[in-house]
Amino acid sequence: MMAKHIHSDSVVQQLAHLVSRLYNKLLPVPCFLCGVETAGGPLCPDCMADLPEISHQCPLCAIPLQSDVICGDCLKKPPPQHRSISLFVYQDPIDRCISAFKYHQQLAFASMFADLLAEKVQHDHPFATLIPVPLHPAKIRSRGFNQSQELARRLSRHLSLPLNAHCLVRSRNTQAQSQLSAKARRHNIRNAFRCNGSPPDSVILIDDVLTSGCTVREAATTLKKAGTQHIEVWTVARAMSHY
Ligand SMILES: [Zn+2]
Ligand SMILES: [Zn+2]
């Protein structure tokens, strides 16, 4: 069942992926941020080096810290996930890169982010199933794709971990979290997910940004209630404020 999900890409999709990767590797394109011609990805080496990488973070919620210790908020109220990893602080210019990926389908960023995440966790990942944080079908129709699924698909290939994009579903189409206060976010996302059957024992939730943490908290809680024992959350970027 799991193996089927890994290989569920059609031959056409795999070919399209290969061609676009080759195209990106061989032909110089302007760097998304500075415009200098670059090959091998959407950003030039200088802009890559300037990205706000997180060197230390809370192991539970991934908030950037001076050292890798559990933050005060997680000590007071531990989140449902057992571990979180995030690559960058969610600030300029990473917010622009993520918007380009999410709203303008710049899929070269999906490959770049997945490469970097795979690198960060490669010696340290458990045997677990990757689950992208799902979008409501109405949102997928308007956006054209689920950015988390694009990341998860690439990570699944890199790390040879199974991907399951079907067991966690969005049962309600919620208002965008970014427009709401902290309290309204919790209310807005409540019961937004449900599980199809019993989920895997060990899960890695994949999302683009961890902002308030409400979405991930709700998704992780839904999985836990349905029987998942161990949950990790891997994201591209983490907002500085706690939820
Ligand atoms: Zn550049
Ligand atoms: Zn924390």
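Indexing begins at 1, ligand by ligand and atom by atom, following the structure's order. Residue numbers start at 1 and run along the sequence shown.
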Please set out all donor-acceptor pairs under 3.5 angstrom arising from side-chain atoms of residues 222-229, sequence neighbours excluded.
| unit_1 | atom_1 | unit_2 | atom_2 | d |
| --- | --- | --- | --- | --- |
| T222 | OG1 | E218 | O | 2.7 |
| K224 | NZ | P80 | O | 3.1 |
| T228 | OG1 | P200 | O | 2.9 |
| T228 | OG1 | L223 | O | 3.4 |
| Q229 | NE2 | G227 | O | 3.3 |

Minimum heavy-atom distance between R238 and P64, given as atom pair plus value
CG-CD, 4.0 Å
Salt bridge between D92 and R96, side-chain N to carboxylate O under 4.0 Å?
yes
From the Zn ion (ligand 1), how many protein N/O/S atoms are found at a distance short of 2.8 Å?
4
Any chance the side chains of D207 and S148 put a donor and an acceptor closer than 3.5 Å?
yes
S84 side chain vs P59 backbone, donor-acceptor pair below 3.5 Å:
no
Under a 3.5 Å threshold, yes or no: a donor from one side chain and an acceptor from the other, between H230 and D201?
no
